[in-house]
Visitor: 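Could you have a look at this structure, given as structure tokens, before my questions?
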Amino acid sequence: MPKAIDFAEFGSPDVLRLQDLDAPQPGPGQVRIAVRIAGVNALDSKIRSGSMNQIFPVTLPHVPGVEASGVVDALGEGVEGPAVGDAVFGPTDTGSYAEFALADAAKVVRKPDSVTWEQAAALPVAAETSYRALELLDLKPGETLLVHAAAGAVGGVAVQVAVARGLTVIGTASEANHDHLRALGAIPVTYGDGLVDRVRAVAPQGVDAALDAAGRGGAVAASVELTGGTDRVVSIADAVGAAKQGVRFTSGGPGQYRGGPAFEEALALLAAGKLDLPVHRVLPLAEAAEAHRLSEAGHLSGKLLLTV
């Protein structure tokens, strides 16, 4: 039987287990993907711990994972476009920590031959989330953007997209990731106490907008202080802090999804050599628990992936 990772109770990464599970069957408008690579996201850990169950309720046992690259191996009723045998990537409707996952046929994208399986699996969440957040900030060429957790998977893509659009980007990260940020085109600053003063030192002209991909350390409050208001601050990681400060929080809920234009822009930047998708580590599916431990520890310089 096909292998998958699931959990039957909320808790630490130790609740994740490798199981034999029936392959899901595609419904109308869905494709089934034989997964090659699954992406690991901070949201996966939060769902597994139970801390997000009020916002993202799941039925137990639950297979985690929301993005993948792989090959279409079955079609649901009414599917037009994707065909069996197509190499694709995109968000998944069922857990991607599995040999087979279902996806909305309208949201998967054909993988160009020049894009690796790892790159394709690293794209869906990072590209769509960063595109959606930058769109909300309504940035113009020449403006200055502050990105918190700029060395992470989403932050790193947001930095590069913003730089390609003609923005000056300041990125927060640990000292160990400063050279990495410079390579992406950002001006690095260390997060933590004194952040506001450090940002002002490198941006005496001021900061026009801020994107919080960190979700900790007072990033939202610092962003409001630096931008001088709440209108041009967006968080993708701290719903509580965003509500407290009166700024927008975006989670990609109904009506918010921006995958189409996001993937188009990302693939064009990849083809032009203007987008790097660094991978922090690739682990086998059976080591999903270790991937979650690494994710929760933070300080990543790139994407965590599971090979299926």
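Quick caveat, the model's predicted, so the values are computed rather than measured.
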Visitor: Looking at every heavy atom in both E128 and Q256, which two are closest together, and how far apart are they?
Guide: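 So the two residues come closest at OE2-O, 3.8 Å.
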Visitor: Could you identify which residues cluster with V189, counting Ile, Leu, Val, Met, Phe, Trp and Tyr as linked when any side-chain heavy atoms lie under 4.5 Å apart, either directly or through a chain of such contacts?
Guide: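 Traced through the cluster, V189 reaches L146, I170, I187, L195, V196, V199, V202, V207, L226.
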Visitor: Could you grab the distance from atom CG of L304 to atom NE2 of H280, nearest 0.5 Å is fine?
Guide: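 If we round to the nearest 0.5 Å, L304:CG and H280:NE2 are 6.0 Å apart.
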Visitor: Could you tell me whether a side-chain N or O of E9 sits under 3.5 Å from a main-chain N or O of V15, the two making a donor and an acceptor?
Guide: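 No; judged by distance alone, with no hydrogens or angles, the pair does not exist.
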Visitor: Between the main-chain N or O of G156 and the side-chain N or O of Q160, is there a donor-acceptor pair closer than 3.5 Å?
Guide: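 The answer is yes, because a donor-acceptor pair under 3.5 Å joins these two groups.
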Visitor: When rounded to the nearest 0.5 angstrom, what distance separates CD in Q30 from CD in E77?
Guide: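 It is 12.0 Å, given to the nearest 0.5 Å.
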Visitor: Okay, side chain of R182, backbone of P188: is any donor-acceptor separation there less than 3.5 Å?
Guide: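 Between the backbone of P188 and the side chain of R182 there is no qualifying donor-acceptor contact (under 3.5 Å).
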Visitor: Before accepting this row, confirm whether a basic side-chain N of the pair R293/E290 lies closer than 4.0 Å to the acidic partner's carboxylate O.
Guide: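 The answer is yes: the pair qualifies as a salt bridge.
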Visitor: Write down the atom of S223, the atom of H148, and the distance for their closest heavy-atom approach.
Guide: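 Heavy atoms only, the tightest pair is OG-NE2, 2.7 Å.
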Visitor: Without swapping roles, check the side chain of S130 against the backbone of A127 for a donor-acceptor pair under 3.5 Å.
Guide: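 At least one qualifying donor-acceptor pair exists.
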Visitor: If you look at every heavy atom in H178 and S174, which pair is closest and at what distance?
Guide: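 Answer, listing the atom of H178 first, then S174: CD2-O, 3.1 Å.
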Visitor: Any side-chain to backbone donor/acceptor pair from R198 onto G192? Under 3.5 Å, distance only.
Guide: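 Yes.
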Visitor: Do the ring centers of H292 and Y97 come within less than 6.0 Å of each other?
Guide: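 Distance test on ring centres: under 6.0 Å, yes.
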Visitor: Out of curiosity, T307 OG1 to E287 CD, how far, rounded to the nearest 0.5 Å?
Guide: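 Answer for the OG1-CD pair, T307 versus E287, is 11.0 Å.
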Visitor: Going by atom type alone, with no hydrogens or angles, which donor-acceptor pairs under 3.5 Å involve a side-chain atom of residues 83-92 and a protein atom two or more places apart or on another chain?
Guide:
from	atom 1	to	atom 2	distance (Å)
D86	OD2	A83	N	2.8
D86	OD2	R110	NE	3.2
D86	OD2	R110	NH2	3.3
T92	OG1	T94	O	2.9

Visitor: Okay, side chain of D208, backbone of T144: is any donor-acceptor separation there less than 3.5 Å?
Guide: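 Yes, because the side chain of D208 sits within donor-acceptor range (under 3.5 Å) of the backbone of T144.
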Visitor: Looking only at non-hydrogen atoms, find the nearest pair between K3 and D20 and report the distance.
Guide: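 Residues K3 and D20, closest heavy atoms: NZ-OD1, 2.7 Å.
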Visitor: For a quick test of reading the model, state the closest non-hydrogen atom pair linking G215 to D238 and the distance between them.
Guide: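 For G215 versus D238, the nearest heavy atoms are CA-CB, 3.7 Å.
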Visitor: Just by modelled atom types, is the E175 backbone N or O under 3.5 Å from a matching donor or acceptor in the T190 side chain?
Guide: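 Absent.
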Visitor: Is the number of heavy atoms from other residues, nucleotides or ligands under 6.0 Å of Q205 CD greater than 12?
Guide: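 Check passes, neighbour count above 12.
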Visitor: For D231, does its backbone N or O pair with a side-chain atom of R248 as donor and acceptor, under 3.5 Å?
Guide: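 Side chain of R248 to backbone of D231, a donor-acceptor pair under 3.5 Å: yes, one is there.
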Visitor: Can you name the closest pair of heavy atoms from A103 and D93 and give their distance?
Guide: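 Closest approach of A103 to D93: C-OD2, 3.5 Å.
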Visitor: Taking N41 for its side chain and D44 for its backbone only, find out whether a donor-acceptor pair lies under 3.5 Å.
Guide: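 Side chain of N41 to backbone of D44: no pair is present.
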Visitor: I need the R258 CZ to T250 OG1 distance, nearest 0.5 Å.
Guide: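 One gets 11.0 Å once the value is rounded to the nearest 0.5 Å.
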Visitor: Do Q25 side-chain atoms and A23 backbone N/O form a donor-acceptor pair below 3.5 Å?
Guide: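 Yes: the side chain of Q25 pairs with the backbone of A23.
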Visitor: Do the side-chain N and O atoms of R232 and T227 include a donor-acceptor pair separated by under 3.5 angstrom?
Guide: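 Looking only at side-chain atoms, T227 and R232 do not form any donor-acceptor pair under 3.5 Å.
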